Amino acid sequence: MTRAPSPRWLRRPHDAPAPGFAYGADYNPEQWPREVWHEDIRLMREAGVNIVSLAIFSWARIQPAPDVWEFGWLDEIMDLLHAGGISVDLATATASPPPWLTTLHPEILPVGPHGETVWPGARQHWRPTSPVFRTYALKLATKMAERYGDHPALVAWHVSNELGCHNIYDFSDDAARAFRIWLAARYGTVEALNHAWGTDFWSQRYTEWGQILPPRLAASHPNPTQQLDFKRFSSDALKEHLRAEREVLYRLTPEVPVTTNFMVMGETKGMHYADWAREVDFVSNDHYVHPGPQGLDELSFSANLTGSIAGGHPWFLMEHSTSAVNWQPVNLAKREGELARDSLLHVAHGADAVCYFQWRQSAAGAEKYHSAMVPHAGPDSEVFRSVTRLGALLGDLSEVAGSTRRPARAAILFDWESWWASEQDSHPSSLLRYRQEALDWYSAFLALGVRADVVHTGAELAGYDLVVAPVLHVVPRALAKELNSFVENGGHLVTTYFSGVVDENDHAWLGGYPGALRDLLGIRIEEFAPLPDGRSVTLDDGSTGTLWTDPITLTDDTVEVLASYTSGDRAGRPAITRRAVGRGSAAYVSTRLGAEGVRGVLARLLDGAGVSGELPAPARGRVELAVRGHGATDYWFLVNRTDEPVELPGVDGTLLALTAGADQRSAGQPLVLGPRGVAVVRR
Ligand code: GAL
């Protein structure tokens, strides 16, 4: 019973209060004695919590043996939560198979590229393509749906947990079998696959499907298209698992929306979430900050991209942390104001739910040093006071819930396939990092105080004045056509080194780089010229390039050179070019300029496109602006990116919330954002 999921938000029980923000956490009551449950509910109410995600890792408790089902404890906690006015986003509980299952069926355990078994002992030790695992998981999902489908606390289903977090790549025989089926559906014939994979290279021609394997440990670089297809397949295989569980839930409880938590964050790149987004009723995301100079920018980038793949509709922040995590080399506690700022930055980019991992900090297990809403110190703690303040503040903002993101005039084009393909082995440089390049451009937008949407390939570009497509490596013919029309219709396109190089089969476009975009850009490159690690070159606009340079020849009289190299083997040759096309233009940046370095060229390109910041000049770069709205009402989210107070002269409208700072406007003075403070203004 597949249905094309149209956006559906949490199911609202008859007696539900008016809609507003959902606020809560993963809740793992099975880790605690019953007396604690009662205290939990009391404290949840105190903190303004109105939703929890339950049973995510409860399989071993619910089904302690193949034919034994123990729902009593879960019934009790579901009832307690409901009586406390707290809704439940209920997991299908299939995330982590219990020891009896892996003992009975060791054939569900994933296998690494070297043939090594991934043993139980942690979590998510299952093959996405194992028919045996699928059978057990669907049985559990069925039992959960039958038991709780009508429970008044249930507002959404949470399929598994962070699918692919640990098990995206499995090289087992099950995976090999499923990979062949996937390839047969993609190519139809072995001959077509031979063509796509370029198997005349190194005598790799296949004569039967059965000869094809996942890219397991090989003597040298495995076939690049095989690697790329294995990435596509692996994302699809887990998506198939999501669909299989979802179909059970849709059949038994069609009125309950289904989601699963994505990880649009950092270097998590195995799952093609723009594609997965079509499979859920609403998009959910998990995000954890990696402290560092671009930590906050990365949060904004991820939230922004999540908002785009959610199609502009509100989305659910399923997990983030109140303070430190436990899995970084050094786990930093959040500083004053960061808890609220981080949460509200997600809301600024469209989240209508703010949830943490987890409600109560575990006393035992691998996550006992991971922060929670109730820390080891208990409710008499700054963390608990902060989450309680945030709960109240989200209440003050309830009119914002349901509003959608207001599009920016500029965008960054994010392309999963280019991410996958550009970082494969046997390339001109192993140092290229796709997402970092994209993030650097985003940081530059933030530093210039210009809003930019982060959109995925396939999203409508027509409304944007300027689109930056960093390292757009994979450019099939249709995408080249789309970018040409974007520019011909007056759009300004910016792209970088190693773009336009291959088609969807990872075959080089011939005739000179950047192949598919060569004519549009009016340039030609005969040979790549990456730089060794630690080597840099200077440009005559004062910036410095690393990683890459290109010996560019201009092929069109209208191409303007925006900057040239002044050192290295390319000294005197163009480094940054722009070709005017009617009212539009196509620019090329042939080196890696870094987050600060791209600012100068971005400012010039924005100027050329007539795009500027919306905030008063002194606040630009220090304050991030994100806009949501409904009807004629806009909500401005103003987020202080610095550790200093920032004045916001000339920002009018009704102040709905302010986490730190002062509204001095009635005294004729400006609104002031305190360090790391956030203001929400209705306009
Ligand atoms: C997520 C996961 C949670 C918890 C959290 C810790 O990856 O879904 O269960 O482990 O990370 O940061």
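Counting starts at 1 for both ligands and their atoms, following the listed order. Fair warning: this is a prediction, and the values are worked out from it, not measured in the lab. In this chain, residues are counted from 1 in sequence order.
D453 places no side-chain N or O within donor-acceptor distance of the main-chain N or O of V455, the cut-off being under 3.5 Å.
Here E116 pairs with nothing under the side-chain hydrogen bond (donor to acceptor under 3.5 Å, both in side chains) rule; sequence neighbours left out. The side-chain hydrogen bond (donor to acceptor under 3.5 Å, both in side chains) check on D40 picks up Y27, W359, R360, with sequence neighbours excluded.
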Ligand-protein N/O pairs under 3.5 Å (ligand 1):
from, atom 1, to, atom 2, distance (Å)
ligand 1, 7 (O), E162, OE1, 2.3
ligand 1, 7 (O), E162, OE2, 3.0
ligand 1, 8 (O), N161, ND2, 2.8
ligand 1, 8 (O), E162, OE1, 3.2
ligand 1, 8 (O), E162, OE2, 3.3
ligand 1, 8 (O), E319, OE1, 3.2
ligand 1, 8 (O), E319, OE2, 2.7
ligand 1, 9 (O), R123, NH1, 3.0
ligand 1, 10 (O), R123, NH1, 3.0
ligand 1, 10 (O), R123, NH2, 3.0
ligand 1, 10 (O), E367, OE2, 2.3
ligand 1, 12 (O), W327, NE1, 2.9
ligand 1, 12 (O), H370, NE2, 2.7

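Looking at D174 and T129, their side chains never bring a donor and an acceptor atom within 3.5 Å of each other. Donor-acceptor pairing under 3.5 Å is recorded for the side chains of T253 and W157.
Residues in residues 343-358 take part in these side chain to side chain donor-acceptor pair (under 3.5 Å) pairs, two or more places apart or across chains: N28-Q358, S300-H349, H320-S343, S343-Y356, H349-E624, D352-R628, Q358-S362.
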